[in-house]
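All chains are named by letter (A, B, ...) in the order of the sequence lines, taking the proteins before the strands, and each is independently numbered beginning at 1.
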Protein chains: 2
Amino acid sequence: MRIAELSRRSGVAVPTIKFYLREGILPPGERTSPNQARYDDSHVRRLRLVRAMIELGGLSVAAVHDILATVDSPTDDLDKLMGTVSKGLTQAPEEVDEAALDEVVALIEDMGWTCTRDHPAARSLAMVYTAAREIDHPQLIAGMRRYAEACEVIARTDLDYVANFTGIDRVLEGVVVGTVLGDSALAALRKLAQTAESHRRYGPDDPVE
Amino acid sequence: MRIAELSRRSGVAVPTIKFYLREGILPPGERTSPNQARYDDSHVRRLRLVRAMIELGGLSVAAVHDILATVDSPTDDLDKLMGTVSKGLTQAPEEVDEAALDEVVALIEDMGWTCTRDHPAARSLAMVYTAAREIDHPQLIAGMRRYAEACEVIARTDLDYVANFTGIDRVLEGVVVGTVLGDSALAALRKLAQTAESHRRYGPDDPVE
DNA sequence: CGATAGTAGAGAGTATCGCTATCCATTCAG
DNA sequence: CTGAATGGATAGCGATACTCTCTACTATCG
C-alpha cells in the first residue's frame, strides 16, 4: 500500500506519518523507485503501537524511539532485554535522596525481590518517598508494603501474559504493550475501585459529617 | 515571609512563583500594603504539592488549577468531592467505542462495584480495550479481572489512608496526594515486581532460548 | 501522449506549554 | 537617603509534536 492508504488504515495523518519516518520511529517502506515506497500491515501495526504509546502512555517521541530501537535490535537475553524496555519506560530522576533510596532497597529486600539499587523504578520510588515527606504526607509511605504485595499479583499477571508469546520480538512488543497499556488500565481500575470503595464507606445513604 | 524566602524554602524560583500566582494555583499572600504581600507555611506546602502534581504526576498547570479549585471550595459531601477530584485527575477521552465501554461496565458489575458508565476512568479503560485490540493484543483484556482484584486491595489501602485525616480539606489533599503520588509509586513498584518476577522465571542462571 | 493526482523528502512554520526575563513603580531596610 | 527587593504586567524563550509548503519526481487514466 502507499502512504495514503497507510494513513487511512491507521488513522494517522499523512504529514504525521512522514514526521514519524523522519524521526525513525516508523521503518521506511520498501522502495519501488527513487521516490516511491510501499508499506504493509507491519507499518499499520507499528503506527498504532506508536499512537498508543504516545496517547495512552504519554511517552515522548524520543522515548518511543529509544524503546523501539531496543525492540528492533535482535538479541537472545530475554531477561536483560525486558529490563531495558522496562527501564526505558521509566523516566528516571537523576538526583535522588540516598536515604530514601535506602528505604526503597529495604522494601525490595523485604519483599524478597531481586532488583538492583540503580533500577530507574527504584529511584523513581525514592523520589515519591521524598516528595511525600516534603508535602507533609509521610504516612503514605506506610502503605507501600500493601502496594508492593498488590504489585506482585499484577507482575505475575504481566509475566503470564508475556509468556504466551513466541518469538523474541513479539515478547518484547508484549512487554511494551503490557507496560504502557497496563499502566493506563491500572490507573483507571484503581480510580474505579476507589470510587466503589468510597461509595461503600461514605455512600449517599450514609454521608460523613 | 516574603517571596524570596518562599522561593528558598520551597525550592521554586521566584518568577515561577509569580507565574503560579498569576495562574491561580497559588493563593495570593496576605497584603500588607498596595504592593507587598506576606506568605506563610501554607504557601510552602501548596507549592510543594503543585510541584509534586506537575513533576511526579505529570499533570498540566490547567489540570492542577481545576483540582485545587475543587480542593479549595468547601463542601460537605465527601463522597461526591472525592469523585470530582478523582475524575479531575483522569484525562477523559471524549470519544470511546460504546461496545468497549459495555465490556468495562460488565467488569465493573462483575466486581460488584458501584460506578457510573460515564466515569472518566471507565471511558479511559474502554480506550485501553480499543487500543489493545487495534494493536493486535486482545489477550491483554483477559487479565483485567486480576488487575481489578489487585486494584481492590490498593483502593482499600487508599481509603484507609484518607480515613486518617480529619477536616475536609485535609482529606481532599490526601486524595490528591494519594492519587498522584500513588500512581507514580504503583508504576514504579510494578516495574520492580516485574523485574523480580522475570528474574525468578528467566533469571541469569536459567536463560530462555 | 498529456493531464491530473499522488508521492518522497526536506526545511520552515505553527501551536501549545511551562516557564523565564525584563520592565516599572513602589516600598522596605539599613 | 539609597540600594535592594517586591508586586504586577508583558513579552520572550526553549522544547515538543506536529503541520505546511515546496520541489522533483512517478503513477495512472483517458
In sequence, state the C-alpha distance, the side-chain angles, and the governing distance for Tyr20(A) and Arg51(A), and then conclude on side chain to side chain donor-acceptor pair (under 3.5 Å).
CA-CA 11 Å; Tyr20(A) 288 164; Arg51(A) 293 308 301 163; 2.5 Å; yes
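- For dA9(D), the base has no donor-acceptor partner in the side chain of Lys18(B) [N/O atoms by modelled type, under 3.5 angstrom].
- In this structure, the nucleotide among dC28(C), dC18(D), dT20(C) sitting nearest to the side chain of Ala13(B) is dT20(C).
- Judged by distance alone, the side chains of Tyr147(B) and Asp158(A) do bring a donor and an acceptor atom under 3.5 Å apart.
- For Ala4(B), whose side chain is taken as the heavy atoms from C-beta onward, the closest listed nucleotide among dT6(D), dG9(C), dA24(D) is dT6(D).
- Between Tyr20(B) and the phosphate of dC19(C), there is a side-chain N or O to OP1/OP2 separation shorter than 4.0 Å.
- To the nearest angstrom, P of dA15(D) lies 19 Å from CD1 of Ile54(A).
- Closest to the Thr16(B) side chain, of the nucleotides dT6(D), dC18(D), dC19(C), is dC19(C).
- In the set dT26(D), dA5(D), dA17(D), the nucleotide with an atom closest to the side chain of Arg2(B) is dA5(D).
- Side-chain proximity of Pro34(B) to the nucleotides dG7(D), dA21(C), dT27(C) is greatest for dT27(C).
- Residue-level contact check: Arg51(B) touches the backbone only, with heavy atoms under 4.0 Å from sugar-phosphate atoms and none from bases.
- Map Ala62(B) and Ser33(B) each onto its nearest nucleotide of DNA chain C; the residue landing nearer the 5' end is Ala62(B).
- The side chain of Ile3(B) sits closest to dG7(D) out of dT19(D), dG7(D), dT20(C).
- Rounded to whole angstrom, the span from the CZ atom of Arg31(A) across to the P atom of dT26(D) amounts to 11 Å.
- Ranking dT20(C), dC18(D), dG8(D) by closeness to the Phe19(A) side chain, first place goes to dC18(D).
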